[in-house]
Amino acid sequence: MSNYELRCRECGRTWGNQPRSICDDCFSPLEVAYDYDALKASVSRERISQRPPNMWRYSELLPLPQNFTPRLPVGFTPLFQAPQLAARLSGTAAGRNLYIKNDAVCLPTLSFKDRVVAVALSQARAFGFDTVSCSSTGNLANAVAAHAAREGLKAWIFIPSDLEPAKILGTNVFGAKVVRIAGNYDQVNRLCSQIADEHRWGFVNVNLRPYYAEGSKTVGFEIAEQLGWRLPDNIVCPMAGGSLITKIKKAFDELIKLGLVEPKEVKFFGAQATGCSPISTAVKTGSSEIEPQKPNTIARSLAIGNPADGHYAIRTIKGSGGWSEDISDPEVIDAIRLLAETEGIFTETAGGVTVGTAGKLYRQDRILPEETTVLCVTGNGLKTTDVLAGVYPTERPIAPKLTEFEAYLQQTLDVEEVPGAIAATEQVESIGA
Ligand SMILES: *Cc1c(COP(=O)(O)O)cnc(C)c1O
Ligand SMILES: [Zn+2]
């Protein structure tokens, strides 16, 4: 017998373990519930810290099939201080309290979606599926395709046709069948629900959704462990379907329940792009329900206009005393560049949303410089390079001669005299380095 099973979030009816995401009685979403009393005896800080540095070190707190053997060292991404970014975002020198959780380097496909897929596919196998599938805004597509290849499962991936080319190629390369749909994510997702009724496939974010979502908890477990088994004051988290933010909250609650960290009220701050901001709009207008939007933003990985967990994300944010904000597309690009220039991390648009929103929250004094704050950077910038097209003009090549270079250098230094010619200055520095 396992220590977990599906339970309705609203009426509490239990459903055992099966590929299902909705309660038939009240049509509310299911989530995985655990027997925490049994877990208390088996988990400890010591036992966890002796295990290899990947998300499987928290196996007892994940819904994994019996005798499951992990095949990839997913997760345990770096958490580090970001003092220069802190100075720029908060306008103070109190930079030691801002941290980046960097899932831009999560294995194997460079986003936090590897965590959710790792858990979902463990169950897909246990339920006897030979084909896995998903609707995706890009990163989930990459992760499902890669993990399916590794597990020897067939993959059918459904995406909006206008996704970033790197995200489409980064799905094709694993041998997955990619179906481009002329529509937005919400339309793709609706189609997948219909397909899931017709075909016996494991849809990671439809019939396997409760298991999938649990994988996101590992972001929260790692943050706490990497802070020395301590919870931060604030979390800033990007939101698409709204699942990740609720699962980091669940992770912290579980660590408290199991006595692995001291109880603490952590404030949760949600980040969205203004062009697709159904959750932050609800928070800002004081509504507890989502009004669906039609997405129009470069932050395509967050472009879900009707978020499945929107209602619960609002509850997490408001219940914690946090807030939610959103920023424009130009601000997203500025934030991508700011993170890269201050801390050497190249994030995708979703990370830009998080960093830019954090700046806004510091300016609003909703986050204070002396508070320990963790920004969740969830994806890699090499997947969304198209949004930076035109930001860095291609320089004229020079001949491979010292005289040519000296002339070029002089010219560049002359430009540097001009106030505001920042890009040129940095170019000289990088040549010099
Ligand atoms: C999917 C995704 C998110 C948001 O996750 P949800 O759980 O759907 O809110 C954030 N960042 C990136 C890079 C993603 O791919
Ligand atoms: Zn129910």
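Remember, it's 1-based here, ligands and their atoms both numbered in the order they're listed. Here the structure is a predicted model, which is why all the values come from computation and not from measurement.
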- Item | Presence of salt bridge, E31 and R9, under 4.0 angstrom | yes

- Assign the ring pair F203 / F158 to parallel, tilted or perpendicular, where the plane angle (0 to 90°) is split at 30° and 60°. parallel

- Query: Among the heavy atoms of P238, does any lie under 4.0 Å from an atom of ligand 1?
  - Reply: yes

- Identity and separation of the nearest protein heavy atom to atom 5 (O) of ligand 1: F112 CZ, 3.6 Å

- Salt-bridge criterion met for D186 and K294 (N-O under 4.0 Å): no

- Taking atom types as modelled and ignoring hydrogens, do the side chains of Y58 and E225 form a donor-acceptor contact shorter than 3.5 angstrom? yes

- Presence of salt bridge, K217 and E214, under 4.0 angstrom: yes

- Under 3.5 Å: N/O of S301 near N/O of ligand 1: no

- Item | Sub-2.8 Å protein N, O or S atoms surrounding the Zn ion (ligand 2) | C8 SG, C11 SG, C23 SG, C26 SG

- Under-4.0 Å heavy-atom contact with ligand 1, by part of S243 that carries it: both

- Query: Taking C-beta and beyond as the side chain, do P19 and L208 meet within less than 4.5 Å on heavy atoms?
  - Reply: yes

- Nearest protein heavy atom with distance in Å, relative to atom 7 (O) of ligand 1: L244 N, 2.8 Å

- Message: Is a donor from one side chain sitting under 3.5 angstrom from an acceptor on the other, for S90 and T92?
- Response: yes

- Which segment of K247 sits under 4.0 Å of ligand 1 when only heavy atoms are counted: neither

- Item | Nearest-neighbour protein heavy atom for atom 8 (O) of ligand 1, which is reported as residue plus atom name and distance | G241 N, 2.8 Å

- Query: Within 45° of the six-membered ring axis of F269 and under 6.0 Å from that ring's centre, is NZ or CZ of R366 located there?
  - Reply: no

- Under 4.0 Å, heavy atoms only, figure out whether ligand 1 is touched by the backbone of T378, its side chain, both or neither. both

- For atom 14 (C) of ligand 1, which protein heavy atom lies nearest, and how many Å away is it? K113 NZ, 2.9 Å

